[in-house]
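Following: one structure in structure tokens, then a few remarks.
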Amino acid sequence: VLSPADFLAVVEKALKTSALVLENRSLKAHVEAGDAAARLLRGASALSERMRADARAVARTMADVLITGEPGVGTAKMAEVVHLLSAQSRGPFVKIAGAGTTPDTLAETFDTADGGSIFIDEVAGLGQPAQFALLEHMETPAAPRVFAGTYQDLADLAEQGRFNPDLYYRLEAARIHIPPLRERREDIPVLFRHYVEIACEQAALPMPDIPTDVTQRLMAQDWPGNARALM
């Protein structure tokens with residue numbers, strides 16, 4: 001049987017341990033609040049947590065990045081998150097579309113993005129001359145970092161001779177895959193609430209209560225793959 005003095009000592013030690021745990025949790029939350037992955041890649045699912053971890057891991061490298069996923073999953077957003085987490089974060093982040101891009105416009109883009117990053121939306125849309133030009137620019141010392149988004153199978157396109165294999169292997173060195181929304185349905189309530197909050201803020205309206213049946217209906221739908229359908 002513990003004496004009163006011993007009992008108080010045990011309680012005091014437990015309180016100190018509890019306070020330390022709470023302080024650590026608070027510090028972790030504070031760090032994540034300033035983390036672009038935590039702020040911009042919303043979702044409570046294990047897949048979303050994996051995406052955030054992948055973004056942080058890739059950001060620490062200097063590798064060019066291939067970002068894959070179905071149309072509308074947010075490849076440009078993922079590229080911007082990695083850019084913000086990277087050593088190039090103070091440099092420009094320039095977005096271009098693969099389709100219609102020429103070697104000349106690529107040269108201009110690389111000049112504009114000096115010290116920063118470039119995101120190419122649907123890199124498979126680049127013509128063969130632009131693909132060769134892109135590879136040459138990427139091999140230049142101190143070139144901007146390249147993020148290439150695609151919803152196509154670049155390996156298959158390279159095997160068919162429709163995509164430069166050297167460019168594919170250069171991009172394949174670092175890859176982030178964004179799973180469709182239907183594979184992470186538990187993220188739907190989080191995303192829906194986020195978009196409602198944005199709409200209310202823009203309209204200067206109070207945030208309404210969201211009935212459970214509304215989120216249940218949203219989660220039951222067969223989403224085409226992206227979060228934009230929630231907007």
Side-chain angles (χ1 to χ4, degrees), residues 35-43 48 51-155 157-158 163-164 166-181 225-228 231:
D35 175 8
R39 286 187 288 107
L40 300 176
L41 301 178
R42 296 176 179 271
S48 287
M51 281 194 298
R52 288 189 285 269
D54 287 346
R56 294 176 184 121
V58 168
R60 289 192 290 269
T61 74
M62 295 298 291
D64 300 303
V65 187
L66 180 63
I67 305 175
T68 62
E70 296 180 9
V73 293
T75 53
K77 185 176 184 179
M78 175 62 78
E80 187 171 8
V81 166
V82 178
H83 168 76
L84 291 171
L85 292 170
S86 73
Q88 296 90 359
S89 62
R90 294 190 178 183
F93 178 72
V94 182
K95 296 187 285 186
I96 61 172
T101 294
T102 67
D104 288 341
T105 55
L106 264 180
E108 293 173 7
T109 301
F110 269 76
D111 286 341
T112 303
D114 185 38
S117 306
I118 297 170
F119 172 70
I120 303 174
D121 189 15
E122 191 43 76
V123 69
L126 289 172
Q128 290 288 346
Q131 291 178 28
F132 281 110
L134 175 59
L135 186 58
E136 289 182 356
H137 284 298
M138 291 169 66
E139 292 176 344
T140 302
R145 191 177 193 177
V146 172
F147 298 96
T150 187
Y151 59 86
Q152 300 194 52
D153 187 340
L154 292 190
L157 293 179
F163 194 82
N164 186 305
D166 292 333
L167 178 57
Y168 165 66
Y169 288 118
R170 174 68 181 259
L171 293 171
E172 175 69 7
R175 176 196 284 259
I176 297 177
H177 178 69
I178 305 175
L181 195 57
N226 61 74
R228 293 180 193 168
M231 299 179 69

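FYI, the numbering just counts along the sequence from 1.
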[Y] and [X], any side-chain heavy atoms less than 4.5 Å apart:
X: M78; Y: L40; result: no
X: R170; Y: D64; result: yes
X: V146; Y: V65; result: no
X: I178; Y: I67; result: yes

#### Entry: Gap separating the CD atom of E80 from the CG atom of L41, nearest 0.5 angstrom
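With rounding to 0.5 Å, CD (E80) is 10.5 Å from CG (L41).
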Whether the side chain of [X] engages the backbone of [Y] through a donor-acceptor N/O pair (distance < 3.5 Å, no angle test) should be reported.
X: R56; Y: L85; value: no
X: Q131; Y: L126; value: yes
X: E122; Y: A99; value: no

### Query
With sequence neighbours left out, what residues match Q152 under side chain to side chain donor-acceptor pair (under 3.5 Å)?
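Side chain to side chain donor-acceptor pair (under 3.5 Å) check on Q152 returns nothing, list empty.
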### Message
I'd like to check the side chain to side chain donor-acceptor pair (under 3.5 Å) partners of S86; sequence neighbours left out, ordered by chain and number.
### Response
Q88
### Task
State which residues pass salt bridge (Lys or Arg N to Asp or Glu O under 4.0 Å) with R60; sequence neighbours excluded, sorted by chain then number.
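In terms of salt bridge (Lys or Arg N to Asp or Glu O under 4.0 Å), with neighbours along the sequence ignored, R60 is linked to no residue.
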Please list, one pair per line, the donor and acceptor atoms closer than 3.5 Å that link side chains of residues 107-121 to other protein atoms, with sequence neighbours excluded.
unit_1	atom_1	unit_2	atom_2	d
T109	OG1	T105	O	2.8
T112	OG1	E108	O	2.9
S117	OG	H83	ND1	2.8

### Taking every non-hydrogen atom, the tightest pair across E172 and R175
OE1-NH2, 2.6 Å
### Query
If you take all heavy atoms of P180 and V73, which pair is closest and at what distance?
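Nearest pair, atom of P180 first, then V73: CA-CG1, 4.3 Å.
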Non-neighbouring partners of [X] that pass side-chain contact (heavy atoms from CB on, under 4.5 Å), sequence neighbours left out:
X: Y169; answer: P165
X: L154; answer: L66, V123, A124, T150, L157, F163, Y168
X: D166; answer: L135, N164

## Note on the structure
Residue pairs passing the side-chain hydrogen bond (donor to acceptor under 3.5 Å, both in side chains) test with at least one member in residues 134-147, sequence neighbours excluded, are T61-R145
### Task
List the steps and the verdict of side-chain contact (heavy atoms from CB on, under 4.5 Å) for D35 and R52.
CA-CA 10 Å; D35 175 8; R52 288 189 285 269; over 6 Å; no
### Query
So with a 6.0 Å cut-off around NZ of K77, is the heavy-atom count from everything else above 12?
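Buried by this count: over 12 neighbours within 6.0 Å.
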